[in-house]
Amino acid sequence: NFKRSRCNNELQILFVGVFLLVVILIVGRIHFANEFSRQVKSVFAEADLNSYQTFEISQLEGLPPVVQQYFLHVLKPGQPLIRCARLRHNGQFKPGLKKSWGDIEGEQYFSTIRPAYIWKGDTNLFSARDFYIGGKGGLVVTILNLFNVLNASGKAFDQGELLRWLMENIWFPTNLLPGENMTWTSIQPNKARLSFEHLGLSLYLDCTFNEAHEIIEMETKRNMDETRMETWIGRPASYKEMNGVRIPTDVEVLWRLPEGDLSYARFHVLQLEYNIAAQY
C-alpha cells in the first residue's frame, strides 16, 4: 500500500508538472502572438492608405539610364503607388555565421512612405522578430515563444533595421522612385547608387543591374554591432510578376568579411500583397 501510495503521489506530481508546463507554453504563445499583432498594427498605423497616386513615366526624368530601364521593366504606367505590403516566405537561415543551415518560415508587414516593418521568422528551435517601428529598430529572439534569449536595440539596430527596410523595397518598387529623401546617381553603366535620408540617418545601396534590367545585387555598409560596420549584401533573383509588378521571388543575404563572403539567409517569397492593412 505504501509503494502504491508513493507511486500515485509521483504520478500526480508528474501530471501537475506537465499540466503547468502546457499552461505556461500556451500563455507564452498567446503573449507572443498578442505582442506581434500589436507591432503589426503599429506598422500599418504608419502607412498612408488615403493616397491614390500612380506611377507615371515622367517620374523617371533625369534618372541614370540603367535605373530608368529597371523601372520600365518592373512597373507599368498607371501602377498605383504601394502604401503598405504583406509577405510570406520560406527558406533557410543561419542563427550564427558559423552555425548550420535550418529551415525557416516567415511573415512580414511593411509601411512604405513612412518607413516601418515587422518580420517574424519561425524555426524548430526559435522565433525571431526584426523590426523598425517609430524610428527605432530592434531584434528579439525567443525560445518556445516564451523566453527571450536576445532583445537588442540601440543606434546600431536603428541603422541596420532601416537598411533592411530599404533593401526590401525591391518587393514594392514604386517606393524606390525618386523623391525628397530618395535619390539615384550613376556609378557605372550597369550600376547606380540609391541614397536615402531619414531621421538623421544617411543610407545607401549600390545596386548592380543585369542585361534584363533587373537588380541582382545591393551592397552597403551595415552595423554588425555598436562598434563594427561591415559590407552587407543582398542578391535578389528569380524575378516574376506578382500583383502586376515584377519582383524577385528569391533573395540571398550575406556579410562580406575579411575571411570571405558568409551567407546567412536564403528566402523564397510565397505570397505578396499590396495595400492590404491586415495581418494574415
Side-chain angles (χ1 to χ4, degrees), residues 47-49 51-91 106-113 115 117 119 163-179 182-196 204-220 233-254 265-277 280:
D48 179 8
L49 299 175
S51 176
Y52 299 96
Q53 294 176 289
T54 59
F55 161 62
E56 304 299 338
I57 293 179
S58 60
Q59 293 174 268
L60 306 183
E61 293 179 5
L63 291 179
V66 70
V67 178
Q68 293 189 37
Q69 292 167 341
Y70 162 74
F71 283 119
L72 292 173
H73 178 62
V74 300
L75 298 174
K76 298 180 180 68
Q79 161 71 40
L81 298 190
I82 299 162
R83 299 301 176 178
C84 66
R86 63 181 188 177
L87 176 151
R88 281 176 168 165
H89 73 82
N90 60 15
E107 60 184 86
Q108 196 163 359
Y109 303 87
F110 303 89
S111 166
T112 59
I113 301 300
Y117 82 91
W119 168 79
L163 264 176
R164 174 172 175 171
W165 171 87
L166 182 62
M167 184 176 287
E168 291 177 344
N169 272 246
I170 199 168
W171 284 323
F172 28 94
T174 64
N175 209 50
L176 294 176
L177 290 164
M182 192 90 70
T183 58
W184 288 91
T185 53
S186 179
I187 299 177
Q188 297 172 3
N190 70 329
K191 198 169 186 177
R193 171 167 289 192
L194 173 66
S195 300
F196 180 65
Y204 74 92
L205 294 170
D206 288 341
C207 302
T208 302
F209 301 79
N210 63 12
E211 293 182 354
H213 314 307
E214 298 164 343
I215 295 175
I216 57 171
E217 187 167 280
M218 311 171 86
E219 179 180 323
T220 189
I233 296 173
R235 290 178 175 160
S238 305
Y239 278 72
K240 296 179 182 178
E241 186 170 304
M242 299 180 72
N243 307 297
V245 178
R246 187 168 292 276
I247 58 101
T249 56
D250 291 305
V251 63
E252 179 182 18
V253 187
L254 58 93
R266 297 169 181 162
F267 292 165
H268 174 71
V269 176
L270 299 172
Q271 186 176 8
L272 175 63
E273 296 174 297
Y274 298 140
N275 299 333
I276 300 176
Y280 284 117

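Side-chain contact between F71 and L176 is present, with at least one heavy-atom pair separated by less than 4.5 Å. Under the 4.5 Å side-chain criterion, counting only non-hydrogen atoms from C-beta, P189 is not in contact with V66. In this structure, M242 and T249 have side chains that are in contact, with non-hydrogen atoms separated by less than 4.5 Å. When side chains are defined from C-beta on, N169 does not count as touching F110, because their heavy atoms never get closer than 4.5 Å. Residues I247 and V74 are not in side-chain contact: their nearest non-hydrogen atoms beyond the backbone lie 4.5 Å or more apart. Side-chain contact between T208 and E219: absent, with no pair of heavy atoms (C-beta onward) separated by less than 4.5 Å. Two residues are said to be in side-chain contact when any heavy atoms from C-beta on lie closer than 4.5 Å; L177 and L81 meet this criterion.
Looking at every heavy atom in both residues, L272 comes nearest to A85 through CD1-CB, 4.4 Å. Considering all non-hydrogen atoms of both residues, P248 and W171 come closest at O-NE1, 3.0 Å.
For E168, the side-chain hydrogen bond (donor to acceptor under 3.5 Å, both in side chains) test picks out Q108, R164, with sequence neighbours left out. With sequence neighbours excluded, no residue forms a ring-ring contact (aromatic ring centres under 6.0 Å, His included) with Y274. The side chain to side chain contact (heavy atoms under 4.5 Å, CB included) check on M218 picks up M167, I170, L205, C207, I215, P236, with sequence neighbours excluded. The side-chain hydrogen bond (donor to acceptor under 3.5 Å, both in side chains) search around R235 returns E217, not counting sequence neighbours. Applying the salt bridge (Lys or Arg N to Asp or Glu O under 4.0 Å) criterion to R86, with sequence neighbours excluded, gives E273. K240 is linked by a side-chain hydrogen bond (donor to acceptor under 3.5 Å, both in side chains) to nothing, counting only residues two or more places apart in sequence or in another chain. Looking at residues two or more places apart in sequence or on another chain, you find a side chain to side chain contact (heavy atoms under 4.5 Å, CB included) between H73 and H213, E214, R246. Shown here are the side-chain hydrogen bond (donor to acceptor under 3.5 Å, both in side chains) partners of Y70, two or more places apart in sequence or in another chain: there are none. Residues passing the side chain to side chain contact (heavy atoms under 4.5 Å, CB included) test with H89 are L87, I104, W119, F267, sequence neighbours excluded. For L49, the side chain to side chain contact (heavy atoms under 4.5 Å, CB included) partners two or more places apart in sequence, or in a different chain, are A47, R83, C84, A277.
For the atom pair CD1 (I216) and CG (N210), the distance works out to 5.0 Å, reported to the nearest 0.5 Å.
By the 6.0 Å contact criterion, CD on E241 is enclosed, its count of non-hydrogen atoms from other residues, nucleotides or ligands being greater than 12.
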| request: Just do the side-chain contact (heavy atoms from CB on, under 4.5 Å) check on Y280 and R88 with the steps written out, would you? | output: CA-CA 9 Å; Y280 284 117; R88 281 176 168 165; 3.1 Å; yes
| Test side-chain contact (heavy atoms from CB on, under 4.5 Å) applied to L194 and L166, step by step | CA-CA 9 Å; L194 173 66; L166 182 62; 4.0 Å; yes
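Here the side chain of T112 pairs a donor or acceptor atom with the backbone of I82 at under 3.5 angstrom. Within the 3.5 Å criterion, the main-chain N or O of V245 finds no donor-acceptor partner in the side chain of N243.
Sorted by first and then second residue, the side chain to side chain donor-acceptor pair (under 3.5 Å) pairs with a member in residues 182-194 read R193-D206; sequence neighbours excluded.
N90 and H268 share no side-chain donor-acceptor pair at under 3.5 Å.
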Let me have the donor-acceptor pairs involving side chains of residues 54-62, under 3.5 Å, with sequence neighbours excluded, atom names and distances please.
{"residue": "T54", "atom": "OG1", "partner": "E56", "partner atom": "OE2", "Å": "2.6"}
{"residue": "Q59", "atom": "OE1", "partner": "E56", "partner atom": "N", "Å": "2.7"}

